[in-house]
Number of protein chains: 2
Amino acid sequence: MLNDEKTVLSHECEGCPIRHRAVCARCESDELERLEEIKYYRSFEAGQTIIWSGDRMEFVGSVVSGIATLTQTMEDGRTQMVGLLLPSDFVGRPGRDGSPYDVVATTDLVMCCFRKRPFEDMMSTTPHIAHRLLEMTLDELDAAREWMLVLGRKTAREKIASLLSIIARRDASLNLRPTQGALVFDLPLTREAMADYLGLTLETVSRQISALKRDGVIELEGKRHVTVPDFSRLLDEAGDDNDGGMLA
Amino acid sequence: MLNDEKTVLSHECEGCPIRHRAVCARCESDELERLEEIKYYRSFEAGQTIIWSGDRMEFVGSVVSGIATLTQTMEDGRTQMVGLLLPSDFVGRPGRDGSPYDVVATTDLVMCCFRKRPFEDMMSTTPHIAHRLLEMTLDELDAAREWMLVLGRKTAREKIASLLSIIARRDASLNLRPTQGALVFDLPLTREAMADYLGLTLETVSRQISALKRDGVIELEGKRHVTVPDFSRLLDEAGDDNDGGMLA
DNA sequence: TCGCGCGCTTGATCTGGGTCAATGAAACCC
DNA sequence: GGGTTTCATTGACCCAGATCAAGCGCGCGA
């Protein structure tokens, strides 16, 4: 389903939404060149903090491979993850200097970055880049608000199912077992990181995963490898409206 | 405080971020005229639903007076408020047709609207309007993520204090009693609406408000009129970093 | 090969906030 | 002025999930 992007690539950068979704299809070649000039890659190791809350951010960019998280922490140590960044997700706040949360690489991570100042200049002179940024920010806002429902009103079991279905949707869409509609994927987060995302403790996460396994909603091989035999069942458990069409 | 609206109507519109923050300072006069052409006002009564989740939205705009909320509901009736719209807040998703949540007027409400299609056209030809939209969307995103911390990790008492401090900041900054740094404001929400915003029940909201009153953090006159004798005390209760500068 | 540490699981117990139910108190309307 | 409605408070009890604590299993370095 993403194959046609390749035809557009000319320079590939798998997972970079600026190039793929906004630039390639519509940019003039000199815009592509200017982007190319301010672009660079950075790698991070699992566990490394990319930006501390309050730090100046010198770049915007997007995740190419691996997982990053946005995390807020209270003085007494309580932490809440406020964003989960999977490949192709955008990081950065054009027009703002600081980051209001920690950005952490939870797995080994590669990012495709653009130097911030020149990127902002391009943005202000290239309407469709600005437009794409707005699109992406609206997507993030929708995701944040959906997550507010999860945090505020769902039970622990529903929270786990919600998280699994999000990861499944994003991560497993290519690993679909087409013969039977089962999804297979690896959990990219520790139990503790899941707890931080879900507003739970790691013990509760562990218990609820065990419960979902016991009830046949998921199958586990090792601690991280998940098979979802029936995705709509998982959506039911998540309490989501399941209009069924999603995997059609 | 909004009386001057009348004097201003032909041009300025108190509480409209498009005109005030983005357009007036930087727009050419023909842009102002075009905006004027597609602008209109709408009034709603307390309790009225402005847009149902899934509905097509024909306008974008901003709150002039009154309070609106964004609400998500699960099939079984659990509801979570995902946005609180005070005067000057923006409503709308340029580039998108439907609303993913209910928009409800919780008090009598006046909105300043722009017809959506022509507004989008203007946006794509007027970079600084697009830029302002991005700014506002980033603000909303920050607010949503801050609220995720509230929902996921704070206690009931901290949640109430957080909500009060947000309303105080927005609503009471003009009603400051300068002699003593006390803040006075009216709660614009029922206990139930507060509960929906905070991921609590209305009983818990009521109990915690009583507790804050008993402990002298707030004073109540009637059910809705609040005095905060010491704002930094309230911030402490909210668990927020209180760097003190806010009211300086 | 052993031991050590980290990620995870599971059990026992505790508690914050939910649930259910009764009462109070304004506002409003005959 | 009394009845109805809506919003809020308060009490008694309960339970989902937190907390505290004990192991398990696997990878890794010596």
Side-chain angles (χ1 to χ4, degrees), chain A residues 45-47 67 74 76-80 106-107 150-164 186-215 218-226 237 239, chain B residues 45-48 67 69 74 76-80 104 106-108 150-164 186-215 218-226 237 239:
Chain A
E45 292 178 6
I67 309 274
M74 296 171 68
D76 61 6
R78 282 177 282 177
T79 72
Q80 176 65 49
T106 53
T107 65
V150 172
L151 290 172
R153 292 301 183 193
K154 291 195 178 178
T155 65
R157 172 183 264 244
E158 288 169 333
K159 285 178 175 181
I160 298 287
S162 298
L163 178 56
L164 292 178
D186 285 308
L187 281 175
L189 300 174
T190 64
R191 301 292 187 260
E192 186 179 24
M194 288 189 247
D196 283 344
Y197 200 26
L198 295 166
L200 298 171
T201 60
L202 68 92
E203 293 94 331
T204 299
V205 170
S206 181
R207 275 187 251 271
Q208 295 299 333
I209 288 180
S210 299
L212 288 174
K213 181 176 151 194
R214 175 170 19 81
D215 299 344
I218 59 172
E219 292 154 24
L220 267 187
E221 195 171 342
K223 320 265 180 199
R224 299 290 191 91
H225 192 75
V226 180
E237 292 285 351
Chain B
E45 293 179 7
Q48 199 176 346
I67 309 273
T69 61
M74 296 172 67
D76 61 8
R78 281 176 282 176
T79 71
Q80 176 65 49
V104 181
T106 53
T107 66
D108 289 345
V150 172
L151 291 172
R153 292 301 183 192
K154 291 195 178 179
T155 65
R157 172 183 263 241
E158 288 169 333
K159 285 179 174 182
I160 298 287
S162 298
L163 178 57
L164 292 178
D186 285 308
L187 281 175
L189 300 174
T190 64
R191 301 291 186 262
E192 186 179 23
M194 288 189 248
D196 283 344
Y197 200 25
L198 295 165
L200 297 170
T201 61
L202 68 91
E203 293 95 329
T204 299
V205 169
S206 182
R207 274 187 253 270
Q208 295 299 333
I209 287 180
S210 298
L212 288 174
K213 181 176 151 196
R214 176 170 19 81
D215 299 343
I218 59 172
E219 290 154 26
L220 268 185
E221 195 171 343
K223 321 263 179 201
R224 299 290 191 92
H225 192 73
V226 180
E237 292 285 352

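This structure is a prediction, so every number in the text was calculated from the model and none was measured. Residue numbers begin at 1 in each chain, while the letters A, B, ... track the order of the sequences.
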### Message
Let's go through B/I209 and B/R191 carefully: what are the C-alpha distance in whole Å and the side-chain angles of both, what is the deciding distance for side chain to side chain contact (heavy atoms under 4.5 Å, CB included) to 0.1 Å, and is it a yes or a no?
### Response
CA-CA 10 Å; B/I209 287 180; B/R191 301 291 186 262; 3.8 Å; yes
### Query
Atom CE of A/M194 and atom C1' of D/dG17: how far apart are they, to the nearest Å?
17 Å
### Minimum heavy-atom distance between B/D108 and B/A46, given as atom pair plus value
OD1-N, 2.8 Å
#### Entry: 4.5 Å side-chain heavy-atom contact, A/L212 and A/L220
no
### Query
NE2 of B/H225 versus C1' of D/dA8: gap in Å, rounded?
18 Å
### Stretch residues 201-213 of chain A: residues that reach within less than 4.0 Å of DNA chain D through a heavy atom
A/T201, A/E203, A/T204, A/R207
### Query
What is the nucleic acid contact for A/R157, judged by heavy atoms within less than 4.0 Å: base, sugar-phosphate only, or nothing?
nothing
### Message
Nearest whole Å is fine: how far is D/dT10 P from B/K223 NZ?
### Response
9 Å
#### Entry: Identified side-chain contact (heavy atoms from CB on, under 4.5 Å) counterpart of B/L189 within the set B/V205, B/T107, B/T106
B/T106
### Summary
5'-most contact on DNA chain C (nearest-nucleotide basis), B/K154 vs A/T190, goes to A/T190
### Query
Would A/M194 and A/L200 count as a side chain to side chain contact (heavy atoms under 4.5 Å, CB included) if you check the C-alpha gap in whole Å, the side-chain angles of each, and the deciding distance to 0.1 Å?
CA-CA 8 Å; A/M194 288 189 247; A/L200 298 171; over 6 Å; no
### Summary
Rounded to whole Å, the CG-C1' distance (B/L189 to D/dC7) equals 13 Å
### Message
Just to verify, what does A/T155 make a side chain to side chain contact (heavy atoms under 4.5 Å, CB included) with, not counting sequence neighbours?
### Response
A/R157, A/E158, B/R78
### Rounded distance (Å) that lies between atom C1' of D/dC7 and atom CZ of B/R224
8 Å
### Task
Would you mind reading off the distance between B/E221 atom CD and D/dA8 atom P, rounded to a whole angstrom?
16 Å
### Task
Quick one: do B/D186 and B/V226 satisfy side chain to side chain contact (heavy atoms under 4.5 Å, CB included)? Show the steps, please.
CA-CA 6 Å; B/D186 285 308; B/V226 180; over 6 Å; no
### Query
Pick the nucleotide of DNA chain D nearest each of B/R153 and B/R191; which residue has the one closer to the 5' end?
B/R191
### Message
Measuring from the side chain of A/A156 (C-beta onward, heavy atoms only), which nucleotide among C/dG7, D/dG17, C/dG17 has the closest atom?
### Response
D/dG17
### Message
Over all strands shown, is A/G222 touching base, sugar-phosphate only, or nothing at heavy-atom distances under 4.0 angstrom?
### Response
nothing
### Query
What does B/G47 touch in the nucleic acid at a heavy-atom separation under 4.0 angstrom: a base, only the sugar-phosphate, or nothing?
nothing
### Whole-Å distance separating the NZ atom of B/K159 from the C1' atom of C/dG18
12 Å
#### Entry: Nearest-Å distance for atom pair CG/C1', residues B/L200 and C/dT19
14 Å
